Amino acid sequence: MKKYSLLIMVCIIIFLSACSKSEKEKIYAVDIKNAETFEYQKSEKLAEKIKMNHYVIELPKGGCAGPFCIYGTTLYYSIDYIDYLSDQTGEEKVPLFEEKYNTQIRSFDLESQEGQLIYQYKKERCIQISYMFCTGKKLVWSDNDLETINEKWSINEIELDSGLVSENVYYSDESPIEKMRIMNNICTTYQMNGDNTVIYMENIKTEETVGISVESEVSVPLCNGEICIWASGYEAQDRNIIYIYDISQQTIEKLEVTNAFSYALVKDLILVKQEEGICCYDIKSKEYINLIPKEEAECGYTMQGLENNSYAKKYWNDEKLDFFHFSYCK
């Protein structure tokens, strides 16, 4: 029997059972109608609290960057040739699939600027990777074979020291790790039942769970162990409010934004990709700054890192992985 990482198995169990009640679980009812609204003042000094780096990684001809993540100073990313081998117009002649077009997973040291191939599929067609994260010892990702009848998602992992790969750790109709976020050893997921949603925040090390029940739809909850945030609606055009729940104080407030496409946490800072660009909000000082203005924010969405970091990939940069990396200034 294969031995899989405790982290993956814990995440799968959380997703499937939605954190079934236990002695270590506490669920609190939160009335979002009582959420207090604060006015945030624009402050250029806020730039001193967040570090922003811009990286551009060259890709092979025809390669397109898929999901990626950063752990420490190492970038892990995927490359596929799905678009390159597809005729989008019906008029172009595209290359036939060859072994070299199999989806790759690579690493790149952001300090030494050296990269290497970690893993490459051995299939007869391109495989789509949808999500990726690194624990430091293992790299975990979900993928989907677009040409299979059932189009099942699977979870895979690779031990970074030995290079040992465990494929198909788990199969599902949807990718379970896309519906959860892991940060600072807190695994956050949610279960919706009509207009009611319960957000579960489980400490992977202690197995203690805190849950909050809200009478609302919830989109992409994130928790760093101190606060939990989530959006008001599922579609970007409906995401005009981000709720902020203080776990220890059991208080709720709301942040008014404009069409929040995505968001992430970096300690007590909230990064929001919205209509104005990528903005950073300090929930303690009630200040904000526009880090990347609208005309320069050609980014799809902000992605949450396992540590106190986040990243945002630029759109439409062929044969390059062009992204921003955000971290907390110590």
Side-chain angles (χ1 to χ4, degrees), residues 14 18-19 25-42 46 50 178-184 186-203 209-291 301-305 308 310 312 326:
I14 292 173
C19 298
E25 180 179 278
K26 299 177 182 178
I27 298 181
Y28 302 95
V30 177
D31 189 351
I32 59 176
K33 295 178 182 178
N34 295 329
E36 191 171 359
T37 303
F38 294 92
E39 184 176 350
Y40 282 70
Q41 301 296 325
K42 190 170 185 178
L46 191 55
I50 190 161
E178 284 194 50
K179 288 206 168 183
M180 63 178 66
R181 291 295 181 268
I182 303 171
M183 181 183 182
N184 298 348
I186 305 297
C187 182
T188 307
T189 186
Y190 60 101
Q191 183 179 36
M192 291 190 293
N193 183 14
D195 293 332
N196 179 265
T197 304
V198 179
I199 301 172
Y200 296 96
M201 299 158 282
E202 176 164 343
N203 188 308
T209 298
V210 174
I212 52 177
S213 175
V214 297
E215 294 293 328
S216 171
E217 291 185 349
V218 166
S219 177
V220 196
L222 302 171
C223 177
N224 62 7
E226 297 179 359
I227 61 172
C228 178
I229 66 173
W230 66 91
S232 56
Y234 188 75
E235 299 295 336
Q237 63 267 23
D238 300 323
R239 293 179 181 173
N240 297 316
I241 295 176
I242 294 177
Y243 290 97
I244 306 165
Y245 180 75
D246 187 305
I247 297 173
S248 62
Q249 299 297 319
Q250 297 183 30
T251 56
I252 181 78
E253 61 183 85
K254 59 184 178 181
L255 171 65
E256 295 182 344
V257 294
T258 307
N259 299 343
F261 190 76
S262 61
Y263 43 90
L265 273 172
V266 179
K267 281 200 169 183
D268 53 355
L269 306 176
I270 300 177
L271 298 179
V272 183
K273 169 65 169 66
Q274 57 181 326
E275 196 168 283
E276 293 87 346
I278 296 182
C279 298
C280 175
Y281 296 86
D282 188 328
I283 62 174
K284 289 186 177 180
S285 67
K286 306 305 180 192
E287 297 174 322
Y288 82 96
I289 184 174
N290 193 340
L291 292 175
Y301 53 91
T302 54
M303 293 172 282
Q304 184 66 58
N308 280 303
S310 175
F326 306 95

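A quick note: this is a predicted structure, and the numbers were derived from the prediction, not measured.
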Enquirer: Let me confirm one number: the CG-SG distance from D246 to C228, rounded to the nearest 0.5 Å.
Expert: 11.0 Å
Enquirer: Do L255 and I283 have side chains that approach each other closer than 4.5 Å (heavy atoms only, starting at C-beta)?
Expert: no
Enquirer: Determine the minimum heavy-atom distance between E217 and M192, stating which atoms define it.
Expert: CA-SD, 4.5 Å
Enquirer: Checking Y243 side chain against I32 main chain: does a donor-acceptor pair fall under 3.5 Å?
Expert: no
Enquirer: Determine yes or no for a side-chain-to-main-chain donor-acceptor pair under 3.5 angstrom, with D31 supplying the side chain and K33 the backbone.
Expert: yes
Enquirer: Is the closest side-chain heavy-atom distance between Y200 and I27 below 4.5 Å?
Expert: yes
Enquirer: If we check side-chain contact (heavy atoms from CB on, under 4.5 Å) with V218, which of these qualifies: I199, N196, I212?
Expert: I199
Enquirer: Restricting to non-hydrogen atoms, name the atom on M183 and the atom on Q304 that form the minimum distance, rounded to 0.1 Å.
Expert: SD-NE2, 3.4 Å
Enquirer: Partners of E275 by side chain to side chain contact (heavy atoms under 4.5 Å, CB included), sequence neighbours excluded?
Expert: T258, N259, K294
Enquirer: Could you measure the distance from the CD atom of E202 to the OG1 atom of T188? Nearest 0.5 Å is fine.
Expert: 10.0 Å
Enquirer: Do W230 and Y190 come within less than 4.5 Å of each other through their side chains, counting heavy atoms only?
Expert: no
Enquirer: Test L222 against every option in I270, I227, L265 by the side-chain contact (heavy atoms from CB on, under 4.5 Å) rule and name the one that passes.
Expert: L265
Enquirer: Using a 6.0 Å cut-off, check whether atom CD of E287 has over 12 heavy atoms from anything other than its own residue.
Expert: yes
Enquirer: Got Q250 and Y245 here, is their nearest side-chain heavy-atom distance under 4.5 Å?
Expert: yes
Enquirer: Distance check, rounded to the nearest 0.5 Å: K42 atom NZ versus C279 atom SG?
Expert: 8.0 Å
Enquirer: Would you find a donor on one side and an acceptor on the other, under 3.5 Å apart, between the side chain of N290 and the backbone of E276?
Expert: yes
Enquirer: Say whether, by atom type as modelled, one donor and one acceptor occur between the side chain of N224 and the main chain of K267 under 3.5 angstrom.
Expert: yes
Enquirer: Distance from S310 atom OG to Y263 atom OH, nearest 0.5 Å?
Expert: 12.5 Å
Enquirer: Apply the test side-chain contact (heavy atoms from CB on, under 4.5 Å) to residues I247 and C223: give CA-CA distance (whole Å), side-chain angles for both, the deciding distance (0.1 Å), then the verdict.
Expert: CA-CA 9 Å; I247 297 173; C223 177; 3.6 Å; yes
Enquirer: Of the non-hydrogen atoms in T197 and S216, which two are nearest, and what is the gap between them?
Expert: OG1-O, 2.6 Å
Enquirer: For the atom pair CD (E226) and CG (D268), what is the distance rounded to the nearest 0.5 Å?
Expert: 8.0 Å
Enquirer: Rounded to the nearest 0.5 Å, how far apart are CG of L271 and CD1 of I278?
Expert: 7.5 Å
Enquirer: Give every residue pair that meets the ring pair (Phe, Tyr, Trp, His ring centres under 6.0 Å) criterion with at least one member in residues 267-288, sequence neighbours excluded.
Expert: Y40-Y281, Y281-Y288
